[in-house]
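Here's the structure, in structure tokens; my notes come after.
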2 protein chains.
Amino acid sequence: MKAKKEEEIFADYASRKNLKHSGRRDAILKIFLKSEKHLTVDELFQLARKASPGIGYATIYRTLKHFCASGLCREFKCEDGFTRYEHLYGHEHHDHLICTQCGKFVEVVHPSIEKLQAQIAEREGFILTKHKLELYGVCKNCRKK
Amino acid sequence: MKAKKEEEIFADYASRKNLKHSGRRDAILKIFLKSEKHLTVDELFQLARKASPGIGYATIYRTLKHFCASGLCREFKCEDGFTRYEHLYGHEHHDHLICTQCGKFVEVVHPSIEKLQAQIAEREGFILTKHKLELYGVCKNCRKK
DNA sequence: CTCATATTGAAAATGATTATCAATTTCAAA
DNA sequence: TTTGAAATTGATAATCATTTTCAATATGAG
């Protein structure tokens with residue numbers, strides 16, 4: 001029951017933060033959890049508007065901040081200028097392979113790269129806190145077209 | 001004569017693009033070439049203002065666009081939200097190791113990582129066009145403090 | 001039920017960047 | 001040297017994504 005677990009994570013956060021109950025927020029959470037894509041703010045807004053007509057843009061932003069703070073998701077500033085939000089729960093650390101034609105996101109994991117990064121950092125006397133690796137290219141599907 | 005060479009690169013571009021001569025631009029170029037740092041727009045603006053009082057912010061932006069188009073430099077959108085400009089000429093492809101305390105930039109090259117990236121992309125059926133690898137951490141100096 | 005506090009949408013504010021515009025400068029050709 | 005088309009410039013307005021403000025409303029503990 002992954003979805004259940006994610007809802008619990010947010011419920012815990014909400015009670016920790018003394019958030020009050022809100023239908024809007026529930027709707028946004030449901031939509032976010034249902035989508036496995038890396039949604040942009042606007043995509044989420046469009047979907048939320050269907051479920052909760054009259055919802056404002058600011059509410060999406062505010063709610064996403066909460067989701068991030070709760071550990072449910074993470075902001076991902078993409079090269080195309082749009083910020084996307086990706087699920088964190090149940091997703092081990094990964095990097096991204098992104099198709100510049102269709103926008104497909106592939107989450108990739110490669111322990112050897114992580115190891116090499118640590119080596120580089122050590123060689124230069126750094127202690128690594130985080131890294132960002134994005135591979136941009138064209139996927140098989142888009143090449144056929 | 002690296003500096004000479006860089007000036008030539010820009011001169012070629014300028015003549016190709018029918019740019020007219022400009023004292024402002026010369027000053028900005030000189031400042032940019034003299035600095036080996038990854039300057040932000042504002043840092044460059046502050047420096048340029050000393051050399052050319054009265055210079056406007058827009059001129060910095062416009063000139064940097066030209067520098068990029070000429071192949072002299074490259075925009076680097078940093079995690080801290082500031083766009084920096086780095087020298088391209090004489091700098092082979094590299095990734096960045098960045099100190100989150102003092103902002104120190106180290107250019108790192110690691111062929112094995114490049115190879116692994118190509119492997120990952122191939123495994124997923126992608127043809128790589130570019131990549132972005134940034135390592136964030138704390139440098140030796142900052143750890144001492 | 002009550003009241004402090006969280007939530008909301010609309011609209012204003014922000015901050016980085018770009019576009020506009022009228023004034024000025026450059027430079028090739030006359 | 002003069003001329004005039006085209007480039008350059010600074011100031012300012014416009015964008016665009018995101019944040020903040022604010023007054024109105026909703027929530028929920030006591």
Side-chain angles (χ1 to χ4, degrees), chain A residues 10-32 38-70 73-85 103, chain B residues 10-32 38-70 73-85 103:
Chain A
F10 190 71
D12 287 353
Y13 167 85
S15 101
R16 219 161 47 236
K17 289 282 185 175
N18 293 115
L19 302 190
K20 292 185 175 168
H21 185 264
S22 141
R24 299 291 205 218
R25 194 152 53 206
D26 287 351
I28 299 173
L29 180 56
K30 206 151 141 192
I31 291 164
F32 175 72
H38 289 63
L39 291 171
T40 62
V41 177
D42 195 64
E43 285 167 343
L44 194 51
F45 174 66
Q46 299 304 338
L47 292 170
R49 207 160 52 155
K50 280 180 200 149
S52 284
I55 197 171
Y57 228 98
T59 299
I60 306 292
Y61 275 106
R62 284 187 283 234
T63 304
L64 281 170
K65 290 276 171 249
H66 279 311
F67 290 176
C68 287
S70 77
C73 74
R74 194 163 69 89
E75 272 192 8
F76 180 86
K77 286 175 194 280
C78 202
E79 282 284 283
D80 62 11
F82 294 103
T83 299
R84 286 155 215 274
Y85 291 81
Chain B
F10 190 72
D12 286 354
Y13 167 86
S15 101
R16 217 159 50 233
K17 290 281 185 173
N18 294 325
L19 301 190
K20 293 187 173 166
H21 186 264
S22 140
R24 300 291 204 217
R25 195 154 50 207
D26 286 351
I28 298 173
L29 180 57
K30 205 150 139 195
I31 291 164
F32 174 73
H38 290 63
L39 291 171
T40 62
V41 177
D42 195 62
E43 285 167 344
L44 193 52
F45 174 66
Q46 299 304 338
L47 292 170
R49 207 160 52 155
K50 280 180 200 148
S52 284
I55 196 170
Y57 227 98
T59 300
I60 307 291
Y61 276 105
R62 284 187 284 236
T63 305
L64 281 170
K65 291 274 171 249
H66 279 312
F67 289 176
C68 288
S70 77
C73 73
R74 194 162 69 89
E75 271 191 3
F76 180 85
K77 286 177 194 281
C78 203
E79 283 284 282
D80 63 11
F82 295 104
T83 300
R84 286 154 215 275
Y85 291 81

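When reading the values below, keep in mind they use all heavy atoms of this one structure, side chains included, and skip hydrogens, waters and symmetry mates. Within every chain, numbering begins at 1; the chains are lettered A, B, ... in the order of the sequence lines, protein sequences first and strands thereafter.
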Can you list everything that forms a salt bridge (charged side-chain N to carboxylate O under 4.0 Å, His left out) with B:R74? Sequence neighbours excluded, please.
B:E86

Whole-Å gap separating C1' (D:dA17) and CZ (A:F82)
9 Å

Please verify the inter-ring angle class for A:F10 with A:F67; under 30° counts as parallel, over 60° as perpendicular, anything in between as tilted.
perpendicular

Start at the 5' end of DNA chain D and walk down; is the nucleotide closest to B:Y57 or to B:N18 reached first?
B:N18

Which label fits A:F45 and A:Y57: parallel for a plane angle under 30°, tilted from 30 to 60°, or perpendicular past 60°?
tilted

Quick check on contacts: within residues 40-56 of chain A, what sits under 4.0 Å from DNA chain C by heavy-atom distance?
A:G54, A:I55, A:G56

Got a donor-acceptor contact below 3.5 angstrom from the A:T59 side chain to the A:I55 backbone?
no

Testing A:Y13, A:Y85, A:Y61 for ring pair (Phe, Tyr, Trp, His ring centres under 6.0 Å) with A:H66, which one passes?
A:Y13

Could you list the residues that satisfy salt bridge (charged side-chain N to carboxylate O under 4.0 Å, His left out) with A:K65, not counting sequence neighbours?
A:E75

Can you measure A:R62 atom CZ to D:dT19 atom C1' for me and round it to whole angstrom units?
9 Å

About how many Å separate OG of B:S52 and CD1 of B:I28, when rounded to the nearest 0.5 Å?
7.0 Å

Distance-only, no hydrogens or angles: does the A:R25 side chain make a donor-acceptor pair with backbone N or O of A:K20 under 3.5 Å?
yes

D:dT18 phosphate, OP1 or OP2, under 4.0 Å from A:Y61 side-chain N/O
yes

Nucleotide range of DNA chain C contacted by chain B, 5' to 3', under 4.0 Å to a heavy atom?
C:dA16 to C:dC27

If you round to the nearest 0.5 Å, how far is CZ of B:R62 from CD1 of B:I60?
10.0 Å

Heavy atoms only, 4.0 Å cut-off, all strands: where does B:K77 land among base, sugar-phosphate and nothing?
nothing

With respect to the phosphate group of D:dT18, does any side-chain polar atom (N or O) of A:T83 fall under 4.0 Å of OP1 or OP2?
yes

Which residues pass the side chain to side chain contact (heavy atoms under 4.5 Å, CB included) test with B:T40, sequence neighbours left out?
B:D42, B:E43, B:F82, B:R84

Among residues 19-30 of chain B, which contact DNA chain C at a heavy-atom distance under 4.0 Å?
B:K20, B:H21

Length of the line joining B:K17:NZ and D:dA6:C1', which is rounded to integer Å:
15 Å

B:I31 side chain reached by B:K50 side chain, heavy atoms, under 4.5 Å
no

